[in-house]
Protein chains: 2
Amino acid sequence: MESMHGLKRTHDCDSLTEAALGEEVVLMGWVHRRRDHGGLIFIDLRDRRGLTQVVFAPEVDAGSHQKAHGLRSEYVVAVRGLVRRRPEGMENPKIRTGMIEVACRELRILARARTPAFPLDEDGEIAETLRLKYRYLDLRRPYMVEGLALRHRVCQAMRRYLNDRDFLEVETPVLTRSTPEGARDYLVPSRVNPGRFYALPQSPQLYKQILMVGGIERYYQIARCFRDEDLRADRQPEFTQLDMEMSFVEEEDVMALVEGLMAAVFEEALGVRLEPPFPRLSYGDAMDRYGTDRPDTRYSLELRDLTDVARGCGFKVFREAAAGGGVVKAVNAAGMGDLSRREIDELTDYVSAFGARGLAWVKIREDGSWQSPIAKFFTDGERAAMGERLGAAPGDILFFGADRAETVHRVLGELRAELARRRGLIPEGTFSFVWVTDFPLLEYDEDEGRYVAVHHPFTAPREEDVERLADAPAAARARAYDLVLNGVEIGGGSIRVHTPELQARLFEVLSIPAAEAAEKFGFLLAALEHGAPPHGGIAFGLDRLVMLMAGRETIRDVIAFPKTQKAQCLLAEAPSPVSMAQLAELYLKPGWKAG
Amino acid sequence: MESMHGLKRTHDCDSLTEAALGEEVVLMGWVHRRRDHGGLIFIDLRDRRGLTQVVFAPEVDAGSHQKAHGLRSEYVVAVRGLVRRRPEGMENPKIRTGMIEVACRELRILARARTPAFPLDEDGEIAETLRLKYRYLDLRRPYMVEGLALRHRVCQAMRRYLNDRDFLEVETPVLTRSTPEGARDYLVPSRVNPGRFYALPQSPQLYKQILMVGGIERYYQIARCFRDEDLRADRQPEFTQLDMEMSFVEEEDVMALVEGLMAAVFEEALGVRLEPPFPRLSYGDAMDRYGTDRPDTRYSLELRDLTDVARGCGFKVFREAAAGGGVVKAVNAAGMGDLSRREIDELTDYVSAFGARGLAWVKIREDGSWQSPIAKFFTDGERAAMGERLGAAPGDILFFGADRAETVHRVLGELRAELARRRGLIPEGTFSFVWVTDFPLLEYDEDEGRYVAVHHPFTAPREEDVERLADAPAAARARAYDLVLNGVEIGGGSIRVHTPELQARLFEVLSIPAAEAAEKFGFLLAALEHGAPPHGGIAFGLDRLVMLMAGRETIRDVIAFPKTQKAQCLLAEAPSPVSMAQLAELYLKPGWKAG
């Protein structure tokens, strides 16, 4: 292979325009595409920035023209040549360098390349396993570079905003002690301390609280976190959070800061202007109106409660749901009365996966009357009352759910999203933020037979609800807030408990014995005894946020080296076997079956 | 405890001056110190920024004066009060807020505090185990806050400089495959893939090379790295690197970029102006002149070679060293002829720990003659020749080493440093950078009976030395460069091998069988076959760099939550035991002895 020695890149492949006509330049990059035409050889030379056409002509330099015959896709080359105007009719207005070409005076082949496992000069689907195994090829595509570049800009904008507001970026340990986030920890055996293990952090929660007790006052970190969960949906064993914590604040302070942060990030990284403050919904209202605590507010299709009307109606399913402590709710799919019977069947199938035992529907005819298998079960008055509550108009179709509230919310929430997708109600490039607040602090876990924390056991109850912890724990509201973007929870946080008395009391309500609390969270309790300021914070899922900003379908497309559903890295082939000697050094014995 | 609700902090404890006289302000922080005087109660209120005096006077607010009797050190309070001038004679010009005080109108006690395990309002040594266990107290001291704030500024300056130069910050995996850096990996058992393990990265070396093959061109990351080594000296199981890689570059490009980076970082984070370019020393010259490849160039005391003169002299120790392939070298400790016999004995003891079998010395008398036990063994001519080479003058003392080159270099290198420390030759606040280049690519490992890479097996040999790999591997020089600051290696890097042919050849010279190379580095070799650009990079030890900038003695003082020599976190008590059920889930059995 030839050396680049003596040549220095003068430009990238996106920077040459007619302003550079007549200049001698040096470009380096990959052969994106080659074509031979009229005795000349043309290549599109590619680098991270763009493409520039290079032409090898015998009359300009016979040697390089000769050598160019050997060029193949993805060879790495250095080219010294003259910038000249492309012949008339050969311009490409789609790219910035489309008016010029570089006539090669010297070509050096810096590296050869095998035929790539998938083409880089065409658009189109490529199997993801191939993309992951040959990530170094995949990364060369603008699709991937743009995602990583956006991620870069997002991180820098976050830091700039927080730095300007007196935050300190502090690194917390990766080799740490199990944090109690509910998920399973990744463990790291200690060689120096036989029989003992580090845990990789599920979040820096405890350490950031310790930093507040330590007087750091304003902390952030773009932190790697780890959860050994079964990887359903779009999860990764390691993921990245923007983690923040502030002292001497209340909910409003954190939320206002975050709104400014998001506005700055979207403006700087994406050129999109947001308009804070973001709307707020209580948890109760969110469930009521959207059937979920992660409402997608880019479209309407809100749920309406009809339980009171249904209570005395002639339709047994509704009546019994209402009588049995359940609810009857409906969505008005306005203007979708043209849904065919087949489409309605598909929707019924779709929601059955979420627990629906059917999907009652009503189409509103031109004259306002009901077309529906269940129309006959209702009086005129009931139909009028329900229609009014739903704002029903001719051409609309109403979908009903009648069951336990939990089921109805899940079903109608999912139906809502599916209707929006099917009917193209989701405006592209729209970013709809909403805060969800007033979560319950605790929920009763039937399996465990005790109350568990909805967020985590360090979340503070509302001050006026502290007294209810004793008699009505489920009624206590948390000082917690989630930030939802386009129906995806991108961040969640809370004001924390900052006195040892209240923290101990919470452990009690959670039925965590004092000994266990001391064992698991002893150092936090000890810290709280040494003068902790009121504090609170929030953490954002960076992968998800960037995915939404980039308009991608999976977080894997905004992570340089993601793992598969089986938690494997196809590129490096990790995890991999280790020697018995390595295991013995860690005082471990194999417990798996060979093969 | 009282709530802060209804109060909003208006200022930090470092911002009030006479400009704020007459204003009502709200401060929140910790009670740093309390004293009662003349019926009044005074506290120094502390936050991350500084101190402000608060006075509780019955005539201003009887209630808060009463409540202030209960204040103890490290209580967390909110104070609303009036800024007023301190009475004459009570000013404290040492602090920014020293001319004013805040007369309290409302006091709220936000949290009580136990008596701290060590005083926070006095300077003085505190046992490090206490500092680590109660890190939340330690962090409240300006000593720690300043270190972390400097670290923050250093990171931001690094990012700003690299962002401005087209670098992308890319995150590489923490759950990865063993990287071949020579040290021991931390392993993470996979639950989903029984019998397989991730390794925590010793550095992102392979991934950053993959990013270059992927066309990212300019990458950096402030990355956590992990080494399971025995923790002698000042090491941590996890540490932080500024890791960088660039495509289409040669040594000079990387070094020039790094010089600009260091200048920007020192200017922005510390207000110190550096003057690049930094001097360069070849590995050979560094060993020759300083006895080490990490020379502290803040002071002179250079080594001089006297082997030729010694060869025929009458002093058997020198003559035999020279004859046996060793060297005779000396340091002129100029002006230190006043060293006492006892001090010389101490120095002799000191260097014996580094392998010296004695320490010959010569004092130069006023008349230029030698005062020394060994003076008699040399002719006038030999004495003159040696004196001239060492620039010896009356009042100087010369120290000699005669042994194998390796021993002489180690001994005189350590002696040099010890003399500089003892005689206060090291100027405070000076930052002396030097590049060390032209390292050998390979060295012969007697134990393993093969050549091993001096840096790592991806370091490129100099182009003109590639041919020597076959016949004289030890003579091949690496395209590597280390950056040394004040005698500490703060960074090291190289131009990498970028063709599969040369990489395979290197594995061969290193006696790594093709099968093992494929098993360990297969994905890198595969990547190189797909068109890799010439590339190179460097990595900096962030902990060490910040330690040097802050003038600290240990990296633990610039890490928020460091571990002990036994790799334990005294705060969180990590690592800790896990349940047998957790172990079983990972298909592991205990191999340690209980107890």
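Here is how names work: the chains are called A, B, and so on, in the same order as the sequence lines, proteins then strands, and each is numbered from 1.
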Counting only non-hydrogen atoms closer than 4.5 Å, does [X] touch chain B with its backbone (N, CA, C, O), its side chain (CB onward), both, or neither?
X	value
A:Met28	both
A:Phe226	side chain
A:Met144	neither
A:Ala584	neither
A:Tyr220	side chain
A:Glu169	both
A:Pro590	backbone
A:Val31	neither
A:Val188	both

[X], part contacting chain A, at a heavy-atom distance under 4.5 Å:
X	value
B:Gln221	side chain
B:Ala78	neither
B:Glu171	both
B:Arg159	side chain
B:Leu502	neither
B:Asp230	both
B:Arg151	side chain
B:Arg49	side chain
B:Glu529	both
B:Leu187	both

Pick whichever of [options] has the most heavy-atom pairs under 4.5 Å with chain A.
options	answer
B:Ser576, B:Ser190, B:Pro534	B:Ser576
B:Leu7, B:Leu139, B:Leu148, B:Val213	B:Val213
B:Cys569, B:Pro237, B:Gly29	B:Gly29
B:Tyr587, B:Tyr136, B:Tyr134, B:Phe167	B:Tyr136
B:Leu168, B:Thr499, B:Ile222, B:Val192	B:Leu168
B:His152, B:Glu501, B:Arg46	B:His152

Against chain B, work out which of [options] has the most heavy-atom pairs shorter than 4.5 Å and name it.
options	value
A:Pro575, A:Ala527, A:Pro577	A:Pro575
A:Thr115, A:Leu583, A:Val249	A:Val249
A:Val145, A:Asp12, A:Leu524, A:Asp253	A:Asp253
A:Val578, A:Thr240, A:Val174	A:Val174
A:Leu586, A:Val170, A:Thr172, A:Leu528	A:Thr172
A:Pro173, A:Gly215, A:Ala574	A:Pro173

Cationic N near anionic O, under 4.0 Å, B:Glu238 to B:Arg224: yes

SB check B:Lys8 A:Glu252 (cutoff 4.0 Å): no

Expected output: side-chain [X] to main-chain [Y] donor-acceptor under 3.5 Å:
X	Y	value
B:Arg184	B:Asp228	yes
A:Arg108	A:Ser3	yes
A:Arg177	B:Ala572	yes
B:His5	A:Glu250	no

Audit row: B:Tyr75, B:Ile109, side-chain contact (heavy atoms from CB on, under 4.5 Å) steps and yes/no: CA-CA 7 Å; B:Tyr75 274 32; B:Ile109 298 180; 4.0 Å; yes

Steps toward side-chain contact (heavy atoms from CB on, under 4.5 Å) verdict (A:Phe523, B:Glu573): CA-CA 8 Å; A:Phe523 70 106; B:Glu573 294 180 13; over 6 Å; no

Side chain proximity check, B:His530 to A:Leu137, heavy atoms < 4.5 angstrom: yes

Side-chain heavy atoms of A:Pro194 within contact of A:Pro189, under 4.5 Å: no

Going by distance alone, is a donor N or O of one side chain under 3.5 Å from an acceptor N or O of the other, for [X] and [Y]?
X	Y	result
B:Gln568	A:Asn193	yes
B:His535	B:Gln209	yes
A:Thr176	A:Tyr198	no

Spacing of CG belonging to A:Leu200 relative to CG belonging to B:Leu175, to within rounding of 0.5 Å: 6.0 Å

Atom pair OG/CD of B:Ser579 and B:Glu585 - distance to nearest 0.5 Å: 8.0 Å

Between B:Phe248 and A:Trp30, ring centroids under 6.0 Å: yes

For B:Asp138, all residues meeting side-chain hydrogen bond (donor to acceptor under 3.5 Å, both in side chains), sequence neighbours excluded: B:Arg131, B:Arg135, B:Arg141

side-chain contact (heavy atoms from CB on, under 4.5 Å) assessment of B:Leu120 paired with B:Glu74: CA-CA 9 Å; B:Leu120 300 182; B:Glu74 300 308 315; 3.3 Å; yes

Non-neighbouring partners of A:Glu251 that pass salt bridge (charged side-chain N to carboxylate O under 4.0 Å, His left out), sequence neighbours left out: A:Arg479

Flag if over 12 foreign heavy atoms under 6.0 Å of CZ, B:Arg112: no

Qualifying salt bridge (charged side-chain N to carboxylate O under 4.0 Å, His left out) pairs, either residue in residues 214-223 of chain B, two or more places apart: A:Arg9-B:Glu217

Within residues 558-565 of chain A, residues adjacent to chain B where the heavy-atom gap is under 4.5 Å: A:Ala560, A:Phe561, A:Lys563

